[in-house]
There are 2 protein chains.
Amino acid sequence: MQKAAADKSDPIAAQLAPVGRETVQDRVYLELRRALIGGLFEPSQVLTIRGLADALMTSTMPVREALGRLITEKALEALPNRSVRVPPITLERMDDLLRARILIEGEAIALAATRMTPRQIATIESMLGEWDEMRALKHKKDVDREVTLNQAFHFEIYRACGSAVLIPMIESLWLQSGPCIRVAIYAFSDAGEVDTAHYHRTIVKAIAAQDAKGARDALVADISRPFTFLRSKLESEAEKGQSA
Amino acid sequence: MQKAAADKSDPIAAQLAPVGRETVQDRVYLELRRALIGGLFEPSQVLTIRGLADALMTSTMPVREALGRLITEKALEALPNRSVRVPPITLERMDDLLRARILIEGEAIALAATRMTPRQIATIESMLGEWDEMRALKHKKDVDREVTLNQAFHFEIYRACGSAVLIPMIESLWLQSGPCIRVAIYAFSDAGEVDTAHYHRTIVKAIAAQDAKGARDALVADISRPFTFLRSKLESEAEKGQSA
DNA sequence: TCAATGCAAGTGTGATCACAAATCAAATAA
DNA sequence: TTATTTGATTTGTGATCACACTTGCATTGA
């Protein structure tokens, strides 16, 4: 019955890696994904296969497959030239993304609000403290940590909604709005992280009370904030460009 | 100014294909996509790269990239053996898919109901007639045409919702529920197409009246039907398997 | 007869190569 | 000086190869 672990190769090493070993392609894909959600790429930035292959210390093969996957998720865009780039930001696309996120993430959090266990609620409650820690040492903004913490908080909730269909869609939406979000957070200058903590606190309170509607409303307020901020920024830029 | 068409190669051929020529990879991807939405693959069926490459008269390269893209869309499943298969049907997954489709396609049709032009409404109205045509020559069911017509009707509506974010998500959902749907349609035996026409008629009526809520309700009834039918079938199979 | 071992065919993955198209830069002509 | 063209470089795409792993079957042993 222990056939899976008992191979002709070293049984100890086999136990350390019991499941299928990770492929280079997946590593590249996850790396690019993380970079996109974190907003490490600029909107409209073009990516080349060989460039990424060199940067990731691999050949072109895993990169091109990863890029293809990201293009189908609309996380990247295939130009008619066959080059690929990070999709540019437009007002219409932003509103579109926000509406979809409100719809789907709102549904997910409403489901989660009625299903989260006390243990899961304790987990997201403990995450609130990390915002205070971050505000305590108020040196220059650690945008990476903000993004990571925000992501961990939200997906800890979404994972509890119990839908294997909704969660990948939410991941796709984050992937698509990642570059915009980063731009918004930078534009926020400071005063960003304290607000985030406040909204997250409201969300946790609603979930702890099993208040699905309250949780959905709090979430909408939370994810709308960077979008509305970015929207006003884009609008001012647009009219400036028009006058020029 | 005619630099684009004036190449060193044949200018006539260049004009016949003015935009980027299609890649083999895209052809394979669209082919597999069509097959999946149409339910040409059985649930749990495993697909091999070389097998598909031979069937599609190409090398393994475009196939593996297309498979990778379909895996990220959850249209296919990567087994720990590294082989890929069509995801099997489970009750939980079906309910999950149906809920997501109601949520997203419902939103899309509600948006479309307030935005469709008379011309677009006339288009989907004309599609109703094709169901009558099909019922008129009532030889053996033409499942392929049913699926195609149903798809064309729905996406003609969704395209009018004006959301470049929602439409790909809906396509992904159809891709994931395609194999289930085909099983359900086959199980329907006959009496399937007449009902479809009836539900579509209700949808068109609501849209013509710009009744967003009515359109959403009619759509929910339409897409729920095959799922509830398949659900009862799976449940009876499950208890039969339990007794055996 | 049945289980285990070993061999062979099949399969996915990554690297490399060949080719066509696009891009960029320098050189030439007006 | 400016616009056009020519050539070299870069880039994406598809094919092929090499390797590792899995799977299936036949052989061998008890």
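Keep in mind that the numbers below use all heavy atoms, side chains included, and drop hydrogens, waters and symmetry copies.
Across residues 52-65 of chain A, A/M61, A/R64 each have a non-hydrogen atom less than 4.0 Å from an atom of DNA chain D (numbered order).
Within the 4.5 Å cutoff, no side-chain heavy atoms of B/L40 are placed close to those of B/R34. Contact annotation: the side chain of A/R33 approaches that of A/E171 to within less than 4.5 Å [non-hydrogen atoms, C-beta and beyond]. Counting heavy atoms from C-beta on, the side chains of B/L219 and B/H154 come closer than 4.5 Å. A heavy-atom distance below 4.5 Å is not found between the side chains of B/Q120 and B/I157. The side-chain heavy atoms of B/T196 and B/N150, taken from C-beta on, include a pair separated by under 4.5 Å.
Without hydrogens or angle criteria, A/S83 side chain to A/L79 main chain gives no donor-acceptor distance under 3.5 Å. In terms of modelled atom types and a separation under 3.5 Å, the side chain of B/E31 and the main chain of B/V28 share no donor-acceptor contact.
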Going by atom type alone, with no hydrogens or angles, which donor-acceptor pairs under 3.5 Å involve a side-chain atom of residues 86-107 of chain B and a protein atom two or more places apart or on another chain?
{"residue": "B/T90", "atom": "OG1", "partner": "B/R93", "partner atom": "N", "Å": "3.1"}
{"residue": "B/R93", "atom": "NH2", "partner": "B/Q176", "partner atom": "OE1", "Å": "2.9"}
{"residue": "B/D95", "atom": "OD1", "partner": "B/R231", "partner atom": "NE", "Å": "3.3"}
{"residue": "B/D95", "atom": "OD1", "partner": "B/R231", "partner atom": "NH2", "Å": "3.4"}
{"residue": "B/D95", "atom": "OD2", "partner": "B/R231", "partner atom": "NH2", "Å": "2.4"}
{"residue": "B/D96", "atom": "OD1", "partner": "A/S163", "partner atom": "OG", "Å": "2.5"}
{"residue": "B/D96", "atom": "OD1", "partner": "B/R99", "partner atom": "NH2", "Å": "3.1"}
{"residue": "B/D96", "atom": "OD2", "partner": "A/S163", "partner atom": "OG", "Å": "3.2"}
{"residue": "B/D96", "atom": "OD2", "partner": "A/A164", "partner atom": "N", "Å": "2.7"}
{"residue": "B/D96", "atom": "OD2", "partner": "A/V165", "partner atom": "N", "Å": "3.2"}
{"residue": "B/R101", "atom": "NE", "partner": "B/E105", "partner atom": "OE2", "Å": "2.6"}
{"residue": "B/R101", "atom": "NH1", "partner": "B/S177", "partner atom": "OG", "Å": "3.3"}
{"residue": "B/R101", "atom": "NH2", "partner": "B/E105", "partner atom": "OE2", "Å": "3.4"}
{"residue": "B/E105", "atom": "OE1", "partner": "B/Y158", "partner atom": "OH", "Å": "2.4"}
{"residue": "B/E105", "atom": "OE2", "partner": "B/W174", "partner atom": "NE1", "Å": "3.1"}
{"residue": "B/E107", "atom": "OE1", "partner": "B/R216", "partner atom": "NH2", "Å": "3.4"}

Would you be so kind as to tabulate the donor-acceptor pairs closer than 3.5 Å made by side chains of residues 49-69 of chain B, with sequence neighbours excluded?
{"residue": "B/S59", "atom": "OG", "partner": "B/M61", "partner atom": "N", "Å": "3.4"}
{"residue": "B/R64", "atom": "NE", "partner": "A/E65", "partner atom": "OE2", "Å": "3.1"}
{"residue": "B/E65", "atom": "OE1", "partner": "B/Q25", "partner atom": "NE2", "Å": "2.8"}
{"residue": "B/E65", "atom": "OE2", "partner": "A/R64", "partner atom": "NE", "Å": "3.1"}
{"residue": "B/R69", "atom": "NH1", "partner": "B/Q25", "partner atom": "OE1", "Å": "3.4"}
{"residue": "B/R69", "atom": "NH1", "partner": "B/D26", "partner atom": "OD1", "Å": "3.2"}

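When the C1' atom of D/dC21 is taken as reference, atom CG of B/L79 falls 15 Å away, rounded to whole Å. Rounded to whole Å, atom C1' of D/dT13 lies 18 Å from atom OH of B/Y29.
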Please list, pair by pair, any protein nitrogen or oxygen found under 3.5 Å from a nitrogen or oxygen in nucleotides 9-12 of chain C.
{"residue": "C/dG12", "atom": "OP1", "partner": "B/I49", "partner atom": "N", "Å": "3.3"}
{"residue": "C/dG12", "atom": "OP2", "partner": "B/I49", "partner atom": "N", "Å": "3.1"}
{"residue": "C/dG12", "atom": "N7", "partner": "B/R50", "partner atom": "NH1", "Å": "2.9"}

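Here B/L70 pairs with B/Y29, B/L32, B/L36, B/E73, B/A75, B/L76, B/L175 under the side chain to side chain contact (heavy atoms under 4.5 Å, CB included) rule; sequence neighbours left out.
Summary of helix geometry: the two end axes of the helix from C/dT1-D/dA30 to C/dA30-D/dT1, each defined by five base pairs via their C1' atoms, are inclined to each other by 0° (rounded to 10°).
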